[in-house]
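None of these values were measured; they are calculated from a predicted model. All values below were derived from every heavy atom in this structure, side-chain atoms included, with hydrogens, water molecules and symmetry-related copies excluded.
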Amino acid sequence: MRVEIWTDIACPWCYVGRARFDRGLAAFAHRDQVEVVHRSFELNPEASDGDVPIIDAVAAQYGRTREQQVAREEQAAAMAREVGLGYRIGGRVFGNTFDLHRLAHFAKTRGRQTELTDLAFRANFAEERSVYDRRTQHSLAVEAGLDAAEAREVLENPDAFAAEVRADERLAAELGATGVPFFALNRRYGVSGVQAPEGFTRALEQAWADRPAA
């Protein structure tokens with residue numbers, strides 16, 4: 001069985017949702033027969049390089065006060081800590097994640113996509129490092145086990161793996177995903193948003209029971 005997960009590194013609900021999915025998957029009896037594929041989704045494809053504080057940028061984007069946005073950040077932080085994730089409030093910046101998605105597709109060709117994605121989420125939310133900085137992106141790639149020269153070449157070539165990112169985004173639209181996190185189970189069942197681990201387990205069980213005969 002295949003589970004495809006659309007996320008964006010800038011999305012706090014993706015950060016929490018992936019961790020909850022992992023817990024739900026761990027409780028699934030057939031977890032060893034589940035292939036997990038990470039796919040790209042840009043929440044803010046028109047964003048520029050990261051230099052605006054995330055709280056101010058998102059508050060303006062959705063018409064909230066700064067206090068309302070801080071409250072949402074505090075909610076996300078509490079949910080993250082429930083699943084053992086670090087989460088800092090106040091120091092992140094708003095930026096464009098396209099290069100990170102390109103890098104993740106390169107990492108997939110080397111079998112290191114999950115490692116890179118986990119490190120990028122941690123850097124963004126737990127460490128408040130600017131994941132939009134080219135030096136940080138390269139550092140994350142090396143930390144994930146990717147070749148330093150190859151990773152630099154990918155980052156410096158804006159066309160490298162760009163088509164793969166766009167293909168993921170088109171597929172999300174075809175499946176009706178308008179936000180993330182979005183989970184497609186065998187492309188027969190879709191799960192949106194931050195569910196409880198038990199909810200993911202139930203969805204996996206249903207998709208397993210209804211999977212096509214081999």
Worksheet item: Who passes side chain to side chain contact (heavy atoms under 4.5 Å, CB included) against S139, sequence neighbours left out?
Response: R129
Fill in: Approximate separation, where rounding is to 0.5 Å, of L100 CG and L140 CG
7.5 Å
Fill in: Sidechain-backbone polar pair: E128 side chain, F125 backbone, donor-acceptor under 3.5 Å
no
Fill in: For N186, all residues meeting side-chain hydrogen bond (donor to acceptor under 3.5 Å, both in side chains), sequence neighbours excluded
none
Fill in: Closest heavy-atom pair and its distance - L116, A107
CD2-CB, 3.8 Å
Discussion item. According to salt bridge (charged side-chain N to carboxylate O under 4.0 Å, His left out), who are the partners of R187, at least two apart in sequence or on a separate chain?
Written reply: E4
Extract all donor-acceptor atom pairs below 3.5 Å that involve side chains of residues 163-171 and protein atoms in other chains or at least two apart in sequence.
from : atom 1 : to   : atom 2 : distance (Å)
R166 : NH1    : E42  : OE1    : 2.7
R166 : NH1    : E169 : OE1    : 3.0
D168 : OD1    : R39  : NH1    : 2.9
D168 : OD2    : S40  : N      : 2.9
D168 : OD2    : H105 : NE2    : 2.9
E169 : OE2    : E42  : N      : 3.4

Worksheet item: Shortest non-hydrogen contact from R92 to R88?
Response: NH1-O, 3.7 Å
Practice prompt. Could you pull out the closest heavy-atom pair between F98 and P158, with the gap in Å?
Written response: CE2-O, 4.5 Å
Worksheet entry | With R2 via salt bridge (charged side-chain N to carboxylate O under 4.0 Å, His left out) - residues at least two apart | E35
Worksheet item: side chain to side chain contact (heavy atoms under 4.5 Å, CB included) with D22: which residues, sequence neighbours excluded?
Response: none
Worksheet item: By salt bridge (charged side-chain N to carboxylate O under 4.0 Å, His left out), which residues pair with D147, not counting sequence neighbours?
Response: none
Practice prompt. For R102 and V154, indicate whether the former's side chain and the latter's backbone hold a donor-acceptor pair under 3.5 Å.
Written response: yes
Worksheet item: Are any of the side-chain nitrogens in E82 or R23 under 4.0 Å away from the carboxylate oxygens of its partner?
Response: no
Fill in: Candidates R18, K108, H101 - the one meeting side chain to side chain contact (heavy atoms under 4.5 Å, CB included) with H38
R18
Discussion item. Quick check: closest heavy atoms across A76 and P12, and the distance to 0.1 Å?
Written reply: CB-CB, 4.0 Å
Worksheet, complete the sentence: For A196, the side chain to side chain contact (heavy atoms under 4.5 Å, CB included) test, sequence neighbours excluded, returns E198
Practice prompt. Could you identify which residues cluster with L204, counting Ile, Leu, Val, Met, Phe, Trp and Tyr as linked when any side-chain heavy atoms lie under 4.5 Å apart, either directly or through a chain of such contacts?
Written response: M1, V3, I5, F21, L25, F28, V34, V36, F183, L185, Y189, V191, F200, W208
Fill in: Spacing of N96 atom CG and L43 atom CG [to the nearest 0.5 Å]
11.5 Å
Practice prompt. Kindly compute the distance separating CZ (F94) from OG (S48), expressed to the nearest 0.5 Å.
Written response: 8.0 Å
Discussion item. Applying side chain to side chain contact (heavy atoms under 4.5 Å, CB included), can you list everything that pairs with V70, at least two apart in sequence or on another chain?
Written reply: I55, R66, E74
Worksheet entry | A184 versus W6, closest heavy-atom pair with distance | CB-CZ3, 3.8 Å
Fill in: Pairing residues for R211 by the side-chain hydrogen bond (donor to acceptor under 3.5 Å, both in side chains) criterion, not counting sequence neighbours
none
Practice prompt. Mind checking side-chain hydrogen bond (donor to acceptor under 3.5 Å, both in side chains) for R112 and listing every partner two or more places apart, or none if nothing turns up?
Written response: none
Discussion item. For E153, is the CD atom crowded, meaning more than 12 foreign heavy atoms sit under 6.0 Å from it?
Written reply: no
